[in-house]
Amino acid sequence: MENSVVAGVFDEIANILDILGENPFRIRSYRAAARRIADMPESVTAMAREGRDLTAVPGIGVSIAEKVREIAATGRCAFLADLRGKIPRGLPELLRIEGLGPKKVKLFHERLGIDSVDRLEEAARSGALKKLPGMGGKSEENLLGAIGRYRAGRGRFTLSTGIEYAESLARFLREARGTAAIEAAGSVRRRRETVGDLDILAISSDGPGLMERFFRYDGIEERTARGGTKSSARLACGLNVDLRVLEEGEYGAALQYFTGSKEHNIALRGRAAARGLKLSEYGVFRGERRVAGRSEEEVYAALGLPVIPPELRENRGELSAAEQGALPDLVELRDIRGDLQMHTTATDGRGTIAEMAEKAKKLGYEYIAITEHSKAVRVAGGLDAKKLAAHLRAIEKAAGAYPGLRILKGVEVDILPDGSLDLDDGILAECDLVVASVHYRFNLPEKEMTRRIVRAIGNRRVQILGHPTGRLILERPGYEVEMEEVVKAAKEHGVVLEVNAHPSRLDLRDTHVRLAVERGVKLAISTDAHAPSQLDLMRYGVYTARRGWAEAADVINTFPLKRMLAALKR
DNA sequence: GCCGTTTTCGGCCCGACTGTTTTCAGTCG
């Protein structure tokens, strides 16, 4: 069973306990455990079945370990079933509406019998809500807006959307007079796969002027707050942006604080407290005196640590690694020497071989691989053996025009439902590079899907496993597969796992990258480009690899050609 | 519910903002 499912159980428990008005610390424990489990690279139910000690996992104690074992054994959780009976089915969903927390959900239900988004909207429209204590016309109005946004599913955005707006806003604001620093913090800076909003921090000698300019930004739809140090707005795309103007002496502390993650900050604050210090967004304090805050270097140094790269700040062991001087030397975009998955007009790509090669040259690459779909992918016009053979010759011919760039003759062959490949051995043997991927029959039971992929990995022609879970961020979850088994098989057969750099895929995801790195399995960061411009998406794959603690040595397309080819051998 | 070089009991991060108040509750990050 996927960890996200187990995490979902504990999140739901937390939500219901929250509405019931339970002890907030007990609720926090369930949420912390849920988050911890979702982040674990190993399958927690598998650990339970193997009889391993789950209480060794931080955040999991006797009670939650017991529930995990129950879920692993029976697929259900009696405690949750019991809780569900205590409140109407629709209440937990209401918590997902912006500005609505457990107290109000409870109040609305007790006083007006509201148990669904529809009934909530009705009550808001009829003016019934504003008569309740603590509510008023403004609250009602805001709630209606939030319901609309919730319905539009505008909650989160892909990292690329977040980064594009963050960079555009920063460029725009940098032009304001008196702006000394401008930077996006938050999940964008940590390069999380999705972002909920933007936190932009600034130092300015003219705060009001900067706020003024902020509200003149083109994409702004609505001003939602305006204060001396903080203003907020919602962009037309639905993204919320906070702009904070800070003093020089607190900028580093604020950058650290607003970059998060929350979990990293909590751990860091605990570390501060243990040293008789207090850490807040205003600095590191000993008593009343600020001892650090100007820069992140200063803040971390005051706590006896080197600066931790933002991508690692998830409280997944980065603090102890930093303490021991064992932080990884993370892979960087400039380490990348080539791109090992892309498509051309021969199938569903929108660039010719020559156009892809031109773009690769501009990026300074030493090599690329053209990896066309195989015939099972009908919608993409996948190639059969005969057409692929012709295409391989076309690649050879085109390659002559690019002496400094090695163009590998590749294929992205489909993994059929039984784990066999869509093309036979003869034609695969003619390719320099075989990437194998799943493109249909996603709904196999986990065991079968795992068998399917593991069998493909066992095929001696396969060198890279493409987008290993098949997910599309914010659109569909990946297929159910035991990643532990996949990584194990990859290790055994010397198969490389792809980190697909497309912002909607980022697959392997960060926690799976970490698992692969820990097990010594090599990675390839590939854009899967379907147009020349998409070769620029490489940065997102690098971010994801960094979030998984990958170093250049873990990523084969940071190697020079000869060494890269050697790494593909199996 | 979790956790422990001060604790196996008694803590658990902490401050800003909003909308409602007449000193604060709820939500958010």
Side-chain angles (χ1 to χ4, degrees), chain A residues 10-11 13-14 17-19 21-37 54-68 79 83 94-108 129-143 145-146 155 185-190 192 195-201 223-232 240-246 250 253-254 256-285 313 315:
Chain A
F10 294 124
D11 261 329
I13 288 174
L17 290 176
D18 218 346
I19 294 169
E22 262 283 348
N23 175 355
F25 299 111
R26 188 179 173 209
I27 294 163
R28 181 192 294 174
S29 295
Y30 278 109
R31 286 200 213 286
R35 151 109 195 182
R36 175 64 64 167
I37 288 168
L54 296 172
T55 63
V57 178
I60 297 184
V62 176
S63 165
I64 290 180
E66 173 60 49
K67 292 185 178 72
V68 172
F79 181 57
L83 283 177
L94 298 180
L95 292 175
R96 295 178 54 189
I97 294 169
E98 221 182 309
L100 258 198
K103 300 280 162 49
K104 283 188 185 162
V105 167
K106 191 174 183 210
L107 177 78
F108 295 169
L129 286 185
K130 67 166 168 267
K131 295 184 189 127
L132 295 176
M135 293 292 293
K138 194 70 196 282
S139 310
E140 214 171 57
E141 198 181 301
N142 289 344
L143 203 49
S187 44
V188 160
R189 185 159 178 253
R190 299 201 316 281
R192 261 193 65 175
V195 302
D197 51 27
L198 299 182
D199 272 307
I200 298 187
L201 309 186
R223 306 175 177 197
T224 47
R226 173 167 205 146
T229 59
K230 182 193 157 189
S231 289
S232 306
N240 289 310
V241 187
D242 289 344
L243 172 65
R244 292 165 209 274
V245 180
L246 302 151
E250 67 192 17
Q256 194 289 315
Y257 177 84
F258 287 107
T259 296
S261 67
K262 195 169 153 184
E263 290 75 13
H264 175 85
N265 287 354
I266 288 171
L268 209 55
R269 244 171 265 141
R271 186 181 169 91
R275 301 173 162 233
L277 300 166
K278 187 172 73 87
L279 171 66
S280 77
E281 62 258 56
Y282 300 111
V284 181
F285 294 84
R313 299 183 196 171
N315 197 27

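Naming convention: chains lettered A, B, ... in sequence-line order (proteins, then strands); numbering from 1 in each chain. Since this is a predicted model, take the numbers as computed values, not measurements.
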*Which nucleotides of nucleotides 15-25 of chain B have their base under 4.0 Å from a protein heavy atom (B), which only their sugar-phosphate (S), and which neither (-), written as one string 5' to 3'?*
SSSSSS-----
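Donor-acceptor pairing under 3.5 Å is recorded for the side chains of Asn265(A) and Gln256(A).
Contact annotation for Phe25(A): base contact, defined as any heavy-atom pair under 4.0 Å involving a base atom. No contact: Gly186(A) has no heavy atom under 4.0 Å from any strand. Nucleic acid contact for Pro58(A): sugar-phosphate only, since backbone atoms but no base atoms lie under 4.0 Å from a heavy atom of the residue.
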*Should Lys104(A) and Leu143(A) be marked as a side chain to side chain contact (heavy atoms under 4.5 Å, CB included) after you check the CA-CA gap, both sets of side-chain angles, and the distance that decides it?*
CA-CA 11 Å; Lys104(A) 283 188 185 162; Leu143(A) 203 49; over 6 Å; no
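Closest approach to the Asp197(A) side chain among dC2(B), dC12(B), dG29(B) is made by dG29(B) (side chain taken as heavy atoms from C-beta onward).
Within 6.0 Å of CZ in Arg226(A) there are more than 12 heavy atoms belonging to other residues, nucleotides or ligands.
In a base pair of the Watson-Crick type (N1 to N3 plus N6-O4 or O6-N4) or a G-U wobble (N1-O2 and O6-N3), with each distance short of 3.5 Å, dC17(B) is matched with dG26(B).
Annotation: side chain of Phe108(A) is in contact with side chain of Met135(A) (closest heavy-atom distance under 4.5 Å).
Among residue pairs with one or both ends in residues 25-34 of chain A, those qualifying as salt bridge (Lys or Arg N to Asp or Glu O under 4.0 Å) are Asp18(A)-Arg31(A), Glu22(A)-Arg26(A); sequence neighbours excluded.
The distance between atom CG of Leu95(A) and atom P of dT27(B), rounded to the nearest whole Å, is 9 Å.
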